[in-house]
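See structure below.
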Number of protein chains: 2
Amino acid sequence: MATDEHIHQQILNAIVEHQLPPGARLPEDRLSEAFGVSRTGIRKVLQRLSLEHFVVIEKNKGAHVNRPSESEALEVLDSRILIEPQLIPALITHWNPEQSSRFRLMTKEEKQAEANGQLAEAIQLTARFHYELAHLSGNKVLASFVEQLCYRSSLILAAYGTRGSVGCECGDHAQLLDILDSGSAEDAQHWMSHHLKHIRSSLILESKEDTNIDFQRLFSR
Amino acid sequence: MATDEHIHQQILNAIVEHQLPPGARLPEDRLSEAFGVSRTGIRKVLQRLSLEHFVVIEKNKGAHVNRPSESEALEVLDSRILIEPQLIPALITHWNPEQSSRFRLMTKEEKQAEANGQLAEAIQLTARFHYELAHLSGNKVLASFVEQLCYRSSLILAAYGTRGSVGCECGDHAQLLDILDSGSAEDAQHWMSHHLKHIRSSLILESKEDTNIDFQRLFSR
DNA sequence: GTATCCATTATTGTATACAATAAAAAAGGA
DNA sequence: TCCTTTTTTATTGTATACAATAATGGATAC
């Protein structure tokens, strides 16, 4: 059975897992036959994905996977830097051993996926770690916005990411859990801020501009 | 000519201006004949409005204007309290006499609309004051989120607002402009925080629960 | 051989037709 | 008279048909 929600999740996964790279075309009839529904259902999903900034729909040209601009990439990270640390005080009031072990399991799976080279899994888990923390704050409005930002970040890393975007000298996500267990909201805020700023600064923003490629310079010798 | 964007804006205006009250039905064929387009175009707009939380679509039951829950109302305001003051430092770097006079004009129109009893105008201008400030921060991602929150706030005030929600003992929006002119980011942040908290606390959240009305208690004597 | 123009093709935009569902009204029985 | 059941009506969900647009490839003229 192919419900709207299901189709949406499938395509979104493919995008954030870099199966569908930035710029990839998403023809309606191809997708409709792939999912076994009519174009109507596909259009609805594509419409939604475009409002969520995962695809771009150009009139009479169809849907492409969004290729985030430099400014968009930075703004998404800046938004996270502004919001996620601020959620710590609220989430720490809901913090308990049960949550702690739940998140520790996630970081374990995360490391494993990374070690086994399961890129798609690793990306999903990294994003999930962040937005599930956000949901713990109790504010669903902010949490779902953060969730969207996390998914967008995955897409951004597909366009501008380096190997450094994954690792971080501040340690992995497990370290944040230690801090949360210790109960220091302030430390956790600092860690989160630092972590996100590290990701932001790891983006390489000059090279991958493929609009206006200077073919002259590229192929002349 | 009735483009998608135009229809969206029209319906959104009607909602935030309280012309279409929370709970109002939005039948597709009625709207389609009103705007002179087929149901297809209307459905697209309704879909979008539902993703933006202005309408709720129930399967096989159609679209209604969203009746925000208490928790949703509080979460929207909390989100604004968390974000909007944080945008002040960025926006103050773009502050200049030109912007100042532009916003002063807005507050003037705002007061006038309020004085003349033009409720719809006043609501729009109040929201606009906030989200245009947010856009001055330079972060389009956050600004458009704040914009949505401001519109949602207008809908929330339709459901839970009091007369106190409009006025505020901290003075009107013009006072913030004075602070911005003085250049004190910290003061501006405090003002914004206070202002939003005042709106939040002015909501009356007990009464208008019309789900689960206790008719027993209501009509027994 | 190259450039321009035209025709073909592929794809999306929009409207409509039909099916499915839920609400409302009517009929029947107690 | 009131409750239950059935029928009707209104409305939405989905697929498809047709129109409009843009991209591609080929033909013709120079």
Side-chain angles (χ1 to χ4, degrees), chain A residues 1-12 14-15 19-67 210-213 215-216 219-220, chain B residues 1-12 14-15 20-67 210-213 215-216 219:
Chain A
M1 181 192 58
T3 168
D4 288 354
E5 196 61 38
H6 173 253
I7 298 174
H8 176 269
Q9 196 62 51
Q10 291 282 326
I11 299 179
L12 178 56
I15 292 175
Q19 307 282 348
L20 287 170
R25 288 195 58 204
L26 301 169
E28 297 176 354
D29 43 5
R30 220 74 57 79
L31 291 171
S32 71
E33 72 183 33
F35 286 105
V37 298
S38 94
R39 277 179 53 214
T40 310
I42 295 295
R43 285 180 71 83
K44 186 158 68 170
V45 171
L46 290 176
Q47 217 80 20
R48 174 174 167 192
L49 286 167
S50 92
L51 289 174
E52 295 167 338
H53 301 101
F54 296 110
V55 314
V56 174
I57 296 178
E58 282 176 302
K59 174 127 179 155
N60 286 320
K61 290 196 188 173
H64 294 246
V65 176
N66 183 23
R67 190 193 307 278
D210 62 354
T211 56
N212 287 4
I213 295 178
F215 288 106
Q216 196 73 31
F219 296 118
S220 73
Chain B
M1 180 192 57
T3 168
D4 287 355
E5 196 61 39
H6 173 253
I7 297 174
H8 176 268
Q9 197 62 52
Q10 290 282 325
I11 299 179
L12 179 56
I15 292 175
L20 286 170
R25 290 196 57 205
L26 300 168
E28 297 177 355
D29 44 5
R30 220 72 59 77
L31 290 170
S32 70
E33 72 183 33
F35 286 105
V37 297
S38 93
R39 277 178 54 214
T40 309
I42 295 297
R43 286 180 70 84
K44 187 159 68 169
V45 172
L46 291 177
Q47 217 81 19
R48 174 173 168 194
L49 287 167
S50 92
L51 289 174
E52 295 167 337
H53 303 100
F54 295 111
V55 314
V56 174
I57 297 178
E58 281 176 301
K59 174 129 178 153
N60 286 320
K61 289 196 188 175
H64 295 246
V65 175
N66 184 24
R67 189 195 305 278
D210 61 355
T211 57
N212 286 4
I213 296 178
F215 288 107
Q216 197 73 33
F219 295 118

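Computed from heavy atoms alone, side chains included, the values below leave out hydrogens, waters and symmetry copies. Only a predicted model underlies this, so the values are computations on that prediction, with no experimental measurement involved. Throughout, a chain's letter reflects where its sequence line sits, starting with A, and its residues are numbered from 1.
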Outer limits of DNA chain D sitting under 4.0 Å from a non-hydrogen atom of chain B, read 5' to 3', are dT11(D) to dT14(D)
>> Rounded to whole Å, please give me the gap between CD in E28(B) and P in dT21(C).
In response: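 Rounded to the whole Å, the gap is 16 Å.
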Here the distance between atom C1' of dA24(C) and atom NZ of K61(B), to the nearest Å, is 14 Å
- [ ] Rounded to the nearest 0.5 Å, what's the gap from CD1 on I11(B) to CZ on F35(B)? Could you check?
- [x]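 Those atoms lie 4.5 Å apart.
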Item to complete: Measure the NE2-NZ distance between H64(A) and K61(A) for me, rounded to the nearest 0.5 Å.
Response: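 Atom-to-atom, H64(A):NE2 and K61(A):NZ are 8.0 Å apart.
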Looking at every heavy atom in both [X] and [Y], which two are closest together, and how far apart are they?
X: S50(B); Y: Q47(B); answer: OG-O, 3.0 Å
X: A63(B); Y: V55(B); answer: CB-CG2, 4.4 Å
X: I57(B); Y: L46(B); answer: CD1-O, 3.8 Å

Would you sort out whether V45(B) and L31(B) count as a side chain to side chain contact (heavy atoms under 4.5 Å, CB included), showing the intermediate values? CA-CA 11 Å; V45(B) 172; L31(B) 290 170; over 6 Å; no
The residue, G62(B) or N60(A), whose nearest nucleotide of DNA chain D is more 5′ is G62(B)
Bend of the helix from dG1(C)-dC30(D) to dA30(C)-dT1(D) from end-axis comparison, five pairs per end, nearest 10°, comes to 10°
request  = Using a cut-off of strictly less than 4.0 Å between a heavy atom of the residue and any atom of DNA chain C, enumerate the qualifying residues of residues 33-44 of chain A by number.
outcome  =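 Residues of residues 33-44 of chain A under 4.0 Å from DNA chain C: R39(A), R43(A).
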For E5(B), which residues count as a side-chain hydrogen bond (donor to acceptor under 3.5 Å, both in side chains) partner, sequence neighbours excluded?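 Testing E5(B) for side-chain hydrogen bond (donor to acceptor under 3.5 Å, both in side chains), a comparison that skips the adjacent residues, returns R48(B).
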Sorted by chain and number, sequence neighbours left out, side chain to side chain contact (heavy atoms under 4.5 Å, CB included) with A14(B) holds for Q19(B), L20(B)
So the salt bridge (Lys or Arg N to Asp or Glu O under 4.0 Å) pairs with at least one residue in residues 32-44 of chain A (sequence neighbours excluded) are D4(A)-K44(A), E28(A)-R39(A), E28(A)-R43(A)
Worksheet item: Does a side-chain heavy-atom distance below 4.5 Å link I15(B) with N66(B)?
Response: no
